[in-house]
Asker: 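Shown below is the structure under consideration.
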Amino acid sequence: MELVFMYCAIIVCASTRSIFTKQNGIIGGSAPLFNFTRALSALILFSVMSVFGGFSFHYPTIIYGTAYGVLFFCSCCCGCNAMARGPLGITSSLVAFSLVIPCLFGVFFLKEKINGFDITGFVLIIVAIILMNRRVKALQESESDIKTDTKTEDEKTSSKNTGYKKGWGLYVAATILSDGISATIKKIHQVNYPGAYCKEF
């Protein structure tokens, strides 16, 4: 039951993070300032946990945590750019595929097995991406039809895009890679130190 609760909490937090990231892009907010605010919030939370929960300096954990932090920073920067250049739903769903990286790492290096639950999850993500992409295209075409009469030829051409801007795919790929490797680092840390140094990490 505790595991289910943690999964639900992760989903809620990740979804909320994506929504705020997209909204920041919509209003034209500064990506560096947005990421700095997120980092500062994490630092405050870490400081509170360290003061009230005690903190044990563990050199290997600091190394793992630093590597994770660098990759998380890359994920934040690339994620902001991806959200600003493409649809929220599709971008978030594609980034969810970053879980494939630690999953494959577990299969090939930790001898873990892929179960039906894992396969079902990946299939549902693919289905969701296809359906959302169709909806985005339909909405774009609908808007294009309504405004066609008042547009110039250049505007008519640009209106045929589906809400994706240049560089979107590259930023999505970079976010998936950095997210996946950072999750793998967390996994390796807990394989080496099961249940230990969680708050320090």
Side-chain angles (χ1 to χ4, degrees), residues 3 5-26 29-51 53 55-106 109-110 112 121-122 125 167-201:
L3 184 62
F5 173 77
M6 286 192 291
Y7 273 125
C8 291
I10 290 170
I11 292 170
V12 170
C13 291
S15 301
T16 304
R17 183 181 71 182
S18 296
I19 291 170
F20 278 117
T21 303
K22 179 65 177 179
Q23 189 61 33
N24 183 70
I26 291 174
S30 168
L33 179 60
F34 180 75
N35 286 316
F36 174 77
T37 304
R38 289 170 61 177
L40 182 61
S41 301
L43 177 61
I44 293 171
L45 179 60
F46 172 76
S47 301
V48 170
M49 291 176 65
S50 298
V51 170
F55 179 83
S56 304
F57 183 87
H58 183 244
Y59 182 73
T61 297
I62 300 300
I63 298 300
Y64 281 117
T66 300
Y68 171 82
V70 170
L71 286 163
F72 183 72
F73 170 77
C74 293
S75 171
C76 289
C77 292
C78 294
C80 274
N81 283 289
M83 291 289 184
R85 287 168 167 77
L88 172 62
I90 296 173
T91 303
S92 299
S93 298
L94 283 172
V95 170
F97 271 105
S98 63
L99 296 175
V100 171
I101 296 175
C103 181
L104 293 177
F105 179 87
F109 296 99
L110 304 177
E112 296 179 345
F122 292 136
I125 291 175
W168 173 79
L170 181 62
Y171 282 115
V172 168
T175 306
I176 291 173
L177 189 62
S178 53
D179 265 4
I181 297 176
S182 64
T184 303
I185 290 174
K186 287 193 289 186
K187 178 68 175 180
I188 295 172
H189 176 264
Q190 281 303 292
V191 167
N192 292 333
Y193 311 102
Y197 307 110
C198 290
K199 64 177 180 294
E200 289 83 358
F201 183 93

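No experiment lies behind these values; they were computed from the predicted model shown.
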Asker: Determine whether Lys187 and Leu110 make a side-chain contact, defined as any pair of heavy atoms from C-beta on separated by less than 4.5 Å.
Answerer: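 Answer yes - side chains close enough.
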Asker: Val172 and Ala82: which non-hydrogen atoms are nearest, and at how many Å?
Answerer: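 Of all heavy-atom pairs spanning Val172 and Ala82, the closest is CG2-CB, 3.9 Å.
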Asker: Is there a side-chain contact between Arg38 and Phe72, using heavy atoms and a 4.5 Å cut-off?
Answerer: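 In short, these two side chains touch, coming nearer than 4.5 Å.
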Asker: For the residue pair Ala96 and Ile125, what are the closest heavy atoms and their distance?
Answerer: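 For Ala96 and Ile125, the tightest heavy-atom pair comes out as CB-CD1, 4.0 Å.
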Asker: Kindly say whether the aromatic ring centers of Phe201 and Tyr197 come within a distance under 6.0 Å.
Answerer: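 Aromatic pair excluded; centres sit 6.0 Å or further apart.
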Asker: Can you confirm whether Phe57 is buried at CZ, in the sense that more than 12 heavy atoms of other residues, nucleotides or ligands lie under 6.0 Å from that atom?
Answerer: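 Yes - once you tally the heavy atoms of other residues, nucleotides and ligands closer than 6.0 Å, there are more than 12.
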Asker: How about CZ on Phe109, more than 12 heavy atoms from neighbouring residues, nucleotides or ligands closer than 6.0 Å, or not?
Answerer: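 Atom CZ in Phe109 is not packed in, count stays at 12 or less.
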Asker: Is there a side-chain contact between Asn192 and Pro60 in this structure, where contact means two heavy atoms from C-beta onward sitting under 4.5 Å apart?
Answerer: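 With C-beta onward as the side chain, the pair stays apart.
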Asker: Quick one: does any side-chain atom of Ser182 pair with a main-chain N or O of Asp179 as donor and acceptor, under 3.5 Å?
Answerer: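 Confirmed, Ser182 side chain pairs with Asp179 backbone.
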Asker: Kindly give the heavy-atom pair with the smallest separation between Asn81 and Cys77, and that separation in Å.
Answerer: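 So the two residues come closest at ND2-O, 2.9 Å.
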Asker: Could you go through the ring-ring contact (aromatic ring centres under 6.0 Å, His included) check for Tyr68 and His189 one step at a time?
Answerer: CA-CA 10 Å; Tyr68 171 82; His189 176 264; over 10 Å; no
Asker: Tell me whether Phe20 at atom CZ has more than 12 heavy atoms from other residues, nucleotides or ligands lying less than 6.0 Å away.
Answerer: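 12 or below, so no.
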Asker: Looking only at heavy atoms, what is the nearest atom pair of Ala67 and Ile185, with distance?
Answerer: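 Looks like CB-CD1, 3.8 Å.
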Asker: State the SG-CG distance between Cys78 and Leu170, to the nearest 0.5 angstrom.
Answerer: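 That separation rounds to 7.5 Å.
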Asker: Let me confirm one number: the CG-OG1 distance from Leu71 to Thr66, rounded to the nearest 0.5 Å.
Answerer: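 It comes to 11.0 Å.
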Asker: Please round to the nearest 0.5 Å and tell me the distance separating atom CZ of Phe73 and atom OG of Ser178.
Answerer: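 OG of Ser178 is found 11.0 Å from CZ of Phe73.
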Asker: For side-chain contact (heavy atoms from CB on, under 4.5 Å), just list the numbers for Leu177 and Ile101, CA-CA rounded to whole Å, side-chain angles, deciding distance to a tenth of an Å, and then say yes or no.
Answerer: CA-CA 8 Å; Leu177 189 62; Ile101 296 175; 4.3 Å; yes
Asker: Yes or no on side-chain contact (heavy atoms from CB on, under 4.5 Å) for Phe105 and Ile188, after CA distance, side-chain angles and deciding distance?
Answerer: CA-CA 10 Å; Phe105 179 87; Ile188 295 172; 3.7 Å; yes
Asker: Where do Glu112 and Cys103 land on the side-chain contact (heavy atoms from CB on, under 4.5 Å) test, with the steps shown first?
Answerer: CA-CA 8 Å; Glu112 296 179 345; Cys103 181; over 6 Å; no
Asker: How many angstroms lie between CD in Glu200 and OH in Tyr64, if you round to the nearest 0.5 Å?
Answerer: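 The CD atom of Glu200 sits 15.0 Å away from the OH atom of Tyr64.
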Asker: Can you confirm whether more than 12 heavy atoms, excluding those of Phe36, are under 6.0 Å from its CZ atom?
Answerer: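 Incorrect, the count does not exceed 12.
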Asker: So which atom in Gly79 and which in Thr21 form the shortest heavy-atom distance, rounded to 0.1 Å?
Answerer: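 Nearest pair, atom of Gly79 first, then Thr21: O-CG2, 4.2 Å.
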Asker: Do Thr91 and Trp168 have side chains that approach each other closer than 4.5 Å (heavy atoms only, starting at C-beta)?
Answerer: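 Yes, their side chains come closer than 4.5 Å.
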Asker: What is the minimum heavy-atom distance between Phe122 and Phe97, and which atoms define it?
Answerer: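 Looking at all heavy atoms of both residues, the shortest contact is O-CZ, 4.0 Å.
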Asker: Going through the checks in order, is the side-chain contact (heavy atoms from CB on, under 4.5 Å) test met by Leu88 and Ser18?
Answerer: CA-CA 7 Å; Leu88 172 62; Ser18 296; 4.0 Å; yes
Asker: Hey, what do you get for CD1 (Ile176) to CD1 (Ile181), rounding to the nearest 0.5 Å?
Answerer: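 With rounding to 0.5 Å, CD1 (Ile176) is 12.0 Å from CD1 (Ile181).
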Asker: Does the side chain of Met49 come within less than 4.5 Å of Lys199's, by heavy atoms?
Answerer: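 Answer yes - side chains close enough.
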